[in-house]
Amino acid sequence: MVAAVCEAATGMALLIGPSFVGELLFGEPLVGAGAAAARVAGIALIALGLACWRHSPLVGMLTYNVGVTLYLAYLAVAGELTGVLLWPVVALHAIFSILLSRAWLTAPQR
């Protein structure tokens with residue numbers, strides 16, 4: 001339980017202040033694509049913490065896919081960082097989010 005909470009807290013720190021966390025860890029602030037990648041890692045750590053805390057990989061994967069879908073779609077709409085695969089990856093994570101949501105809603109116990 002303690003490890004799950006610590007991972008989720010680290011994920012929140014990366015999501016909220018990736019540059020600050022990068023500076024604390026590596027002595028350099030994270031900028032541009034580095035900050036975006038750190039935020040995706042933060043979403044993954046939050047999802048990992050939830051999956052371990054709730055003993056449910058489904059909850060973790062659903063959290064990760066919904067979070068990444070929303071964050072990458074935000075980046076695409078804001079026009080800050082837009083690579084050729086950004087929208088296809090947003091679509092793929094949105095599909096995963098829908099499928100995982102259906103699995104979660106039909107699971108015998110949540």
Side-chain angles (χ1 to χ4, degrees):
M1 177 75 79
V2 172
V5 170
C6 287
E7 293 302 331
T10 302
M12 286 299 293
L14 282 168
L15 197 58
I16 295 168
S19 184
F20 179 67
V21 173
E23 195 161 349
L24 289 176
L25 289 174
F26 309 119
E28 295 284 331
L30 299 174
V31 295
R39 283 192 170 105
V40 171
I43 293 167
L45 287 174
I46 292 166
L48 176 65
L50 283 173
C52 292
W53 181 39
R54 301 246 353 231
H55 303 290
S56 174
L58 179 58
V59 169
M61 290 303 295
L62 179 58
T63 302
Y64 173 74
N65 278 283
V66 169
V68 168
T69 299
L70 294 174
Y71 178 61
L72 294 180
Y74 163 76
L75 287 179
V77 169
E80 294 176 20
L81 301 168
T82 54
V84 66
L85 288 180
L86 185 58
W87 277 114
V89 168
V90 169
L92 183 64
H93 281 286
I95 291 167
F96 287 157
S97 296
I98 291 166
L99 294 173
L100 289 163
S101 294
R102 290 184 62 203
W104 183 71
L105 289 172
T106 60
Q109 62 184 25
R110 288 189 259 168

Q: With clusters defined by side-chain heavy atoms of hydrophobic residues (ILVMFWY) lying less than 4.5 Å apart, directly or transitively, does L70 cluster with L86?
A: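 They do share one cluster, since a chain of ILVMFWY contacts under 4.5 Å joins L86 to L70.
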Q: Extract all donor-acceptor atom pairs below 3.5 Å that involve side chains of residues 19-46 and protein atoms in other chains or at least two apart in sequence.
A:
residue, atom, partner, partner atom, Å
S19, OG, L30, O, 3.4
R39, NE, L15, O, 3.0

Q: Taking all atoms of both residues into account, what is the closest heavy-atom pair of T69 and N65, and its distance?
A: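 It is OG1-O, 2.6 Å.
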Q: Do the side chains of M12 and Y64 join up, straight or via other hydrophobic residues, at under 4.5 Å, putting them in one cluster?
A: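 Both belong to a single hydrophobic cluster.
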Q: Are L48 and M1 linked, directly or through other ILVMFWY residues, by side chains that come within less than 4.5 angstrom of each other?
A: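 No, it is not one cluster - the side chains of L48 and M1 are not joined through contacts under 4.5 Å.
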Q: Same hydrophobic cluster for I95 and Y71, using side-chain heavy-atom links shorter than 4.5 Å among ILVMFWY?
A: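 Cluster IDs for I95 and Y71 differ.
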Q: I need the minimum non-hydrogen distance between W87 and A73, along with the two atoms involved.
A: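 Answer, listing the atom of W87 first, then A73: CH2-O, 4.5 Å.
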Q: Test side chain to side chain contact (heavy atoms under 4.5 Å, CB included) on W104 and V59 and set out the steps.
A: CA-CA 8 Å; W104 183 71; V59 169; 4.1 Å; yes
Q: Could you grab the distance from atom CG of L62 to atom CD1 of I98, nearest 0.5 Å is fine?
A: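 Going from CG on L62 over to CD1 on I98, the span is 11.0 Å.
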Q: Evaluate the side-chain proximity of L100 to L58: yes if any heavy-atom separation is below 4.5 Å, no if none is.
A: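 Result yes, sub-4.5 Å side-chain heavy-atom pair found.
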Q: Membership question, hydrophobic clusters at under 4.5 Å side-chain separation (ILVMFWY): are L14 and L75 in the same one?
A: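 No.
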Q: Near F96 CZ, under 6.0 Å, is it more than 12 heavy atoms from other residues, nucleotides or ligands?
A: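 No, not enclosed.
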Q: Should C6 and V2 count as side-chain neighbours, where that means a heavy-atom distance under 4.5 Å?
A: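 A side-chain contact exists here, since the closest heavy-atom pair is under 4.5 Å.
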